[in-house]
Amino acid sequence: MIRLNSATAVVGLGLRQYKRAQAPLPERGVLVHAIVDACGDAGISPADVDGFVSYGDDRNEPVRLMPDLGTRELRWSSAVWGGGGGGIAGAFGIAAAAILTGQAETVVVFRALAQGDSGRLSAAVMAHHLNDHMMGAGILAPAQPCALRAQRMFEYHGVPRQVTEELVRASYYHGARNPEAVAYGVRFDPEQLRTSRWISEPFRLFDCSRENDGAAALILVSAERARDLRKPPVYLAGVAQGTEKGWGDLIENDDADVYATAGFRPVARRLWEQTGLKPADIDVAQIYENFSAQGVASLIDHGFCDYESAGEFVRFENLIAPTGKLPVNTHGGNFAQGFIHGVGCAVEAVRQLRGESANPVPNAKTCLLAGGPGAPTVSSAVFANEML
Amino acid sequence: MRGTIFTWTRTWHPFGGTEAIGVPFVSVVVSLDDAPVRLTGLLAETDADVRIGAAVEGTASVTRIGDDDVPSIRWSLRA
C-alpha cells in the first residue's frame, strides 16, 4: 500500500473573493485568476498544472480551463461526489492519490462560485435532497434540515445552546482582524446574534453562513518536489472521506445515536487511525460551519469534546488565536471571512501552517480541516508543516 | 397514524416555495408508534410550545409548494 502520510504537500494558494453576485468576471475567469495566483505563489507555470480536482458540483470542467491556463496536458480531472461542502478535504485525498500513483504531477484543488453563473449555492445544495417527504414538510433550504439536527443536539442530547454563540463570536473575532474577511473591522456584539431574526429555530440569522462569489485554488505536488519550490511545504498528513451505515440521505431516518452529529464519526476515526494522531495533537482547526450548531457538532464528532463537555470546551476563550486551547476558524470562517463553499477553510489551514495567517497560532504544526457538516458524505484532513 | 416528535424546527424565514404555507410554520420528524420509521410533515399548531417526545397524530394532507400540491402528513399534538 502506498502511504499517504506527508507524501504530498500544498505549495501554492490563490484566493479571490467578492461580495455575492459582484464578481467582476464570469465564474471561470475568476477561477483562472485564482489558479494563476496559486501557481505564482508556488513559483510554477500554470501550463504545468496537469491535474484538477473539485467538489460540490463545481461547474468548471477542467478541460475548459486549458486554453486560458495554457495547459500542456490534462492528465487528471475528477471531483468528490455530493452537492454540499463535504468534499472539500476529500478533494485533497483524490489529488494525492493521483500524484502518488504517478497519474499526475501538479494537481490543483479548486472551487469557484459566482452567482451570476451558478445561481444561489443554497438552492444548488438543496436540489440534491429535495423530495416530497421534505417539501411536504416545508423543508426547502439547507438551514432547515440542519436546524432539525441542531434542535435534537440541544433539546435531547443536552448540549447547552450557548456553544453556538461562542463559536460565532470566535469567528467574528478572527474575521474582524483579517483584512481579507467580510467582517474585517466589524465589532461584533453578541447581543446582535441573540436578537437577530429567527431563520429556522434554533437558528437565528447569525447562526447561518453567508454566500460569496469567488474562487480558490491550492496546488498539491509530491513532498519531494515541494522541497524545491518557493514556499514552505504544507504536508497532507492524512485525509478521509465518506460515511457509514446509518447515516446518509435517509429522509431523516439516520440512526438515532448519530442523527444529531455532523456525520464525521467514521471519517474522524479513520483520520486518527491513519495519521496516528489524536485530537490533543491538533494545534488549530478550520471547521466548515454552514450553520453554527453543525460547527460545534464537527468538534464533537472529531473527539475534541463530547455532548457532556461541549459547554466547557466550546468557549470563546478556547477558540481564539493565539491563546486558545484550540483556535478555530482563524480566518473568520464561513461566517466572518466569507463563504465560497468552504474553500476558504482550506486556504486558511495552509496559511496558518506557513505562518501567513492574519491570526497566527504560535508554533502551530498541525491543522485540521473538516468539510461539509451534516452532508450525506463528509471529509476531514490533517495538514502539517513538518513531515509526520 | 400516531407517533412522537423526534425533532422539529419552526421556520420564520419565507424560503422560496413556502409562500403558500406562510410563516411561521413548524416542520416535524415523527417516530411512528407502530413501525420503526420516522416520517416528516407539518404540525398544525404553529404557535405551540413544541417539545421532542410530544405525542402527535397524523392524517393525510397536501402541502402547497410553489405551484404543486405535495402529498404530506399533517400532524397534531395529542392531549
Side-chain angles (χ1 to χ4, degrees), chain A residues 119-120 122-127 129-159 196-208 246 249-261 291 293 297 374, chain B residues 1 3-32 35-54 56 58-75:
Chain A
R120 285 296 298 266
S122 55
V125 169
M126 203 59 195
H129 312 298
L130 286 181
N131 54 52
D132 282 2
H133 289 279
M134 303 302 272
M135 287 194 291
I139 298 169
L140 279 86
Q144 296 167 297
C146 288
L148 291 170
R149 311 288 169 136
Q151 187 64 38
R152 182 102 182 147
M153 183 173 83
F154 294 137
E155 193 182 329
Y156 183 82
H157 293 289
V159 171
S196 62
R197 64 189 173 92
W198 287 115
I199 300 297
S200 182
E201 294 178 40
F203 294 147
R204 292 181 183 273
L205 182 64
F206 280 90
D207 291 303
C208 306
D249 222 345
L250 303 175
I251 318 175
E252 306 305 310
N253 276 263
D254 312 71
D255 285 357
D257 69 328
V258 297
Y259 181 88
T261 71
F291 302 98
Chain B
M1 188 165 26
T4 55
I5 293 177
F6 182 78
T7 190
W8 62 278
T9 180
R10 186 170 1 240
T11 296
W12 294 82
H13 183 79
F15 290 110
T18 66
E19 294 83 357
I21 306 174
V23 292
F25 60 84
V26 176
S27 307
V28 289
V29 177
V30 174
S31 300
L32 298 189
V37 166
R38 290 176 218 132
L39 292 176
T40 61
L42 290 170
L43 187 72
E45 297 87 355
T46 57
D47 300 328
D49 179 17
V50 186
R51 295 292 168 93
I52 287 173
V56 289
T59 55
S61 183
V62 293
T63 303
R64 187 80 175 168
I65 297 294
D67 296 327
D68 297 321
D69 282 328
V70 177
S72 183
I73 302 163
R74 194 73 77 251
W75 300 93

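Nearest heavy atom pair, residue B:Gly16 against residue A:Leu140, reads O-CD2, 3.4 Å. In terms of heavy-atom proximity, A:Ser200 sits nearest to B:Thr11 at OG-OG1, 3.6 Å. Across all non-hydrogen atoms, the minimal contact from B:Arg38 to A:Glu252 is NH1-O, 2.8 Å. Between B:Phe6 and A:Arg152, the shortest heavy-atom contact is O-NH1, 2.9 Å.
Under the 3.5 Å distance criterion, the side-chain polar atoms of B:Ser27 are matched with a main-chain donor or acceptor of A:Ala137. With hydrogens and angles disregarded, no donor-acceptor distance shorter than 3.5 Å links the side chain of B:Thr7 to the backbone of A:Gln151. In this structure a side-chain-to-backbone donor-acceptor pair under 3.5 Å is present from B:Thr40 to A:His133.
A search for side-chain hydrogen bond (donor to acceptor under 3.5 Å, both in side chains) contacts involving A:Asn253 returns nothing, not counting sequence neighbours. Every residue meeting the side-chain hydrogen bond (donor to acceptor under 3.5 Å, both in side chains) condition with B:Ser61, not counting sequence neighbours, appears here in chain and number order: B:Arg74.
Annotation: the span from A:Glu155 atom CD to B:Ile52 atom CD1 amounts to 4.0 Å, rounded to 0.5 Å. Taken to the nearest 0.5 Å, the CG atom of B:Leu39 stands 9.5 Å off from the CD1 atom of A:Ile251. With values rounded to the nearest 0.5 angstrom, A:Met135 atom CE is found 11.0 Å from B:Ile21 atom CD1. The distance from atom CH2 of B:Trp12 to atom CD1 of A:Ile199, rounded to the nearest 0.5 Å, is 11.5 Å.
Taking B:Leu42, B:Val29, B:Thr9 one by one and counting their heavy-atom pairs under 4.5 Å with chain A, the maximum is reached by B:Thr9. Chosen from B:Arg64, B:Arg51, B:His13, the residue pairing most often with chain A at heavy-atom distances under 4.5 Å is B:His13.
With a 4.5 Å cut-off on non-hydrogen atoms, A:Tyr259 touches chain B through its side chain but not through its backbone. Contact of B:Val62 with chain A is not made at all, since no heavy-atom distance falls under 4.5 Å. Only the side chain of A:Ala143 comes within less than 4.5 Å of a heavy atom in chain B; its backbone stays farther off.
Put simply, the side chain of A:Met126 does not reach to within 4.5 Å of the side chain of B:Phe15, judged on heavy atoms.
No more than 12 heavy atoms of other residues, nucleotides or ligands sit less than 6.0 Å from atom CG of B:Asp67.
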